[in-house]
Amino acid sequence: MSKRNIKKPKGHEWRHVENKRLVYTVYFVLRLSVVGMLIAQFFNQNYENMLLCVLTLVLFMLPSAFERRLHIDLPDTLEVIILLFIYAAEILGEISDYYIEFPFWDTMLHTMNGFLCAAIGFALVDILNREETVSLHLSPFFMAVTAFCFSMTIGVLWEFFEFSMDQFLLFDMQKDTVVNTISTVNLDPGHGTTAVVVKGIQDVILVLDDGTQMPLGLGGYLDVGIIDTMKDLFVNFIGAVVFSTIGYFYVQGRGKGNFATRFIPRFQHRPAAQAEKNQNVQKQEAGSEEKAE
């Protein structure tokens, strides 16, 4: 039997055969950097940052763990971006204070989070759509809507987590914003629902329980978290819309585009491996019959 006549087993299109050298290189460099940071934080006796380094090392192992346990193949581009995302959020953002030094850093990460979560949500629906044992067949439009909703749900749950950490552990994950204009019904003289606008705020003075007055000196009113939360959700929305649109056209063309495939995880269909095994057995049996003849 010639090689040309050997057909690929059903489900072969799910198998991923890309070279993982780039992923291994990025993983090694980032892990080495985190270990170096961990050692530096140990000598600085900053144990909180040491825990962040350990957490980062654990998060680095999750993509490969998911691939092995769930039989999901992460495209190289997606896997590299996930690793860089973790490093940018934990090491650069938290330990190196990029969230403070670069105001756009948090915005960039939340936008990327919306994009990546939409890719993962899209992949989940695409896998179910292709699975013969599951009676789910969504149109490209509803696949895009589902991916969008999945991404936004993850974004909202993350904001719930940030709010909980700030309320119960007194963290400041929801970064505050200094504003010069506020509008509130709490200043309505008639105690009604008329919003009173206060403009030109230059400072806020805190009066403590013991009567001590402490000017903040921030140049305006301190908005506690709400602007940061809404901004994060908005950029998450943008990232989700962008990939959901890409995914829609990807399904319409049934995988003809190369860009979307770099971000959509695929299920390594286990029956495909069994099909290959069965085919090899059949080839051996055919060879044995030819020799017998």
Side-chain angles (χ1 to χ4, degrees), residues 11-38 52-95 98 105-106 108-131 143 146-148 150-151 153-155 157-158 235-236 239-240 242-247 250-251 255-270 272-273:
H12 182 83
E13 64 272 11
W14 292 99
R15 295 174 60 81
H16 182 56
V17 294
E18 286 188 40
N19 190 349
K20 290 290 185 180
R21 182 177 300 176
L22 175 62
V23 178
Y24 295 149
T25 301
V26 172
Y27 178 74
F28 175 78
V29 172
L30 293 181
R31 185 169 61 173
L32 185 64
S33 174
V34 174
V35 171
M37 180 69 73
L38 177 62
L52 285 176
C53 291
V54 173
L55 174 62
T56 303
L57 293 174
V58 172
L59 292 176
F60 279 166
M61 295 186 292
L62 292 183
S64 59
F66 283 138
E67 283 187 312
R68 291 193 303 269
R69 295 298 181 90
L70 303 179
H71 303 283
I72 293 177
D73 172 59
L74 299 178
D76 293 349
T77 302
L78 177 63
E79 193 166 352
V80 168
I81 291 178
I82 291 175
L83 294 174
L84 292 176
F85 180 87
I86 295 171
Y87 186 83
E90 299 297 332
I91 302 302
L92 298 181
E94 294 291 347
I95 297 180
Y98 275 35
W105 197 257
D106 185 59
M108 176 192 69
L109 292 180
H110 277 279
T111 306
M112 184 58 64
N113 178 74
F115 186 89
L116 294 178
C117 287
I120 295 173
F122 195 91
L124 294 175
V125 180
D126 194 35
I127 290 171
L128 293 176
N129 254 10
R130 296 193 185 192
E131 184 62 45
M143 289 179 67
T146 302
F148 169 79
F150 178 84
S151 177
T153 300
I154 297 299
L157 290 177
W158 176 255
V235 296
N236 191 104
V242 169
F243 190 87
S244 297
T245 304
I246 294 173
Y250 166 78
V251 176
K256 292 182 179 179
N258 293 326
F259 181 78
T261 56
R262 297 177 180 271
F263 300 94
I264 299 179
R266 294 192 173 228
F267 183 62
Q268 293 177 335
H269 215 326
R270 299 182 70 177

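- Atom OH of residue Tyr87 and atom CE of residue Met37 lie 5.5 Å apart, to the nearest 0.5 angstrom.
- Looking at Ser64, its side chain does come within 3.5 Å of a backbone N or O of Met61 through a donor-acceptor pair.
- Rounding to the nearest 0.5 Å places CG of Asn113 at 10.5 Å from CD1 of Ile82.
- Each of Leu52, Leu57, Val29, Ile86 was scored for a side-chain contact (heavy atoms from CB on, under 4.5 Å) with Val34, with one residue passing: Leu57.
- The heavy-atom pair separating Thr56 from Glu90 by the smallest distance is OG1-CB, 3.2 Å.
- The shortest distance between side-chain heavy atoms of Leu92 and Trp105 falls below 4.5 Å.
- Interatomic distance, CZ of Phe263 versus OG1 of Thr77, reported as 6.0 Å (0.5 Å rounding).
- Looking at every heavy atom in both residues, Ser244 comes nearest to Ala118 through OG-CB, 4.2 Å.
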message = For Leu30 and Leu84: C-alpha separation, side-chain torsions, deciding distance, then whether side-chain contact (heavy atoms from CB on, under 4.5 Å) applies.
response = CA-CA 8 Å; Leu30 293 181; Leu84 292 176; 3.9 Å; yes

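- His110 and Trp158 make their closest contact through CE1-CD1, 3.6 Å (heavy atoms, listed as atom of the first residue, atom of the second, distance).
- Expressed to the nearest 0.5 Å, how far CG of Leu78 lies from OG1 of Thr261 amounts to 11.0 Å.
- From Glu79, atom CD reaches atom CZ of Phe66 across 12.0 Å, with rounding to the nearest 0.5 Å.
- A distance-only check finds no donor-acceptor pair linking the side chain of Ser151 to the backbone of Ala147 [under 3.5 Å].
- Interatomic distance, Phe85 CZ to Leu116 CG, rounded to the nearest 0.5 Å: 7.0 Å.
- Minimum interatomic distance between Ile264 and Ala123 (heavy atoms only, all atoms of both residues): CG2-CB, 3.6 Å.
- By the 4.5 Å heavy-atom criterion applied to side chains, Phe243 and Ile120 are not counted as neighbours.
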